[in-house]
Amino acid sequence: LNRPARYALLVYLPFLVYGLVRALMADVFMDAERSALLHVTPVLLGGILVFGASSRQLKALAALLLAIGFAQPRLPWQR
């Protein structure tokens, strides 16, 4: 592995350990599976975006996320 990949793995390792501990503590297998997926899915999605998307696609995604952020309704206490 190259240096950035080792650094990313080192940073992500505590989350994997936490997910494993939560899975071992879970009374139900489905809870353990959900906990693991909640930790692994964002990393896989980020990896797909970083390594698989072109700069044009990333700009379009950023524009969509900004549009969604500005389109959210304001709650009464947020005015």
Side-chain angles (χ1 to χ4, degrees):
L1 291 174
N2 57 12
R3 187 175 178 163
R6 282 185 291 186
Y7 180 71
L9 183 62
L10 184 64
V11 169
Y12 187 54
L13 193 61
F15 293 105
L16 287 178
V17 170
Y18 172 76
L20 177 64
V21 169
R22 293 282 296 168
L24 294 175
M25 291 174 44
D27 295 331
V28 180
F29 177 74
M30 185 177 257
D31 289 341
E33 184 179 23
R34 184 179 300 125
S35 177
L37 287 175
L38 284 173
H39 285 84
V40 172
T41 303
V43 171
L44 293 177
L45 182 60
I48 290 169
L49 288 174
V50 167
F51 295 112
S54 67
S55 63
R56 183 176 177 220
Q57 291 170 328
L58 290 175
K59 287 178 186 176
L61 178 62
L64 285 172
L65 290 174
L66 281 173
I68 290 169
F70 285 120
Q72 295 296 317
R74 299 236 182 246
L75 298 173
W77 60 83
Q78 292 178 328
R79 292 178 191 213

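Because only heavy atoms are used, hydrogens play no part in the values below, and waters and symmetry mates are left out as well, while side chains stay in.
- Hydrophobic clustering, with ILVMFWY side chains joined whenever heavy atoms are under 4.5 angstrom apart, keeps V40 apart from L13.
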Enumerate donor-acceptor pairs with a distance under 3.5 Å from any side-chain N or O in residues 48-55 to protein atoms, sequence neighbours excluded.
unit_1	atom_1	unit_2	atom_2	d
S54	OG	Q57	N	3.3

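- Other residues sharing a hydrophobic cluster with V11 under the 4.5 Å side-chain heavy-atom criterion for ILVMFWY residues are Y7.
- Hydrophobic clustering, with ILVMFWY side chains joined whenever heavy atoms are under 4.5 angstrom apart, groups F15 together with L44.
- V43 pairs by the side chain to side chain contact (heavy atoms under 4.5 Å, CB included) definition with Y12, not counting sequence neighbours.
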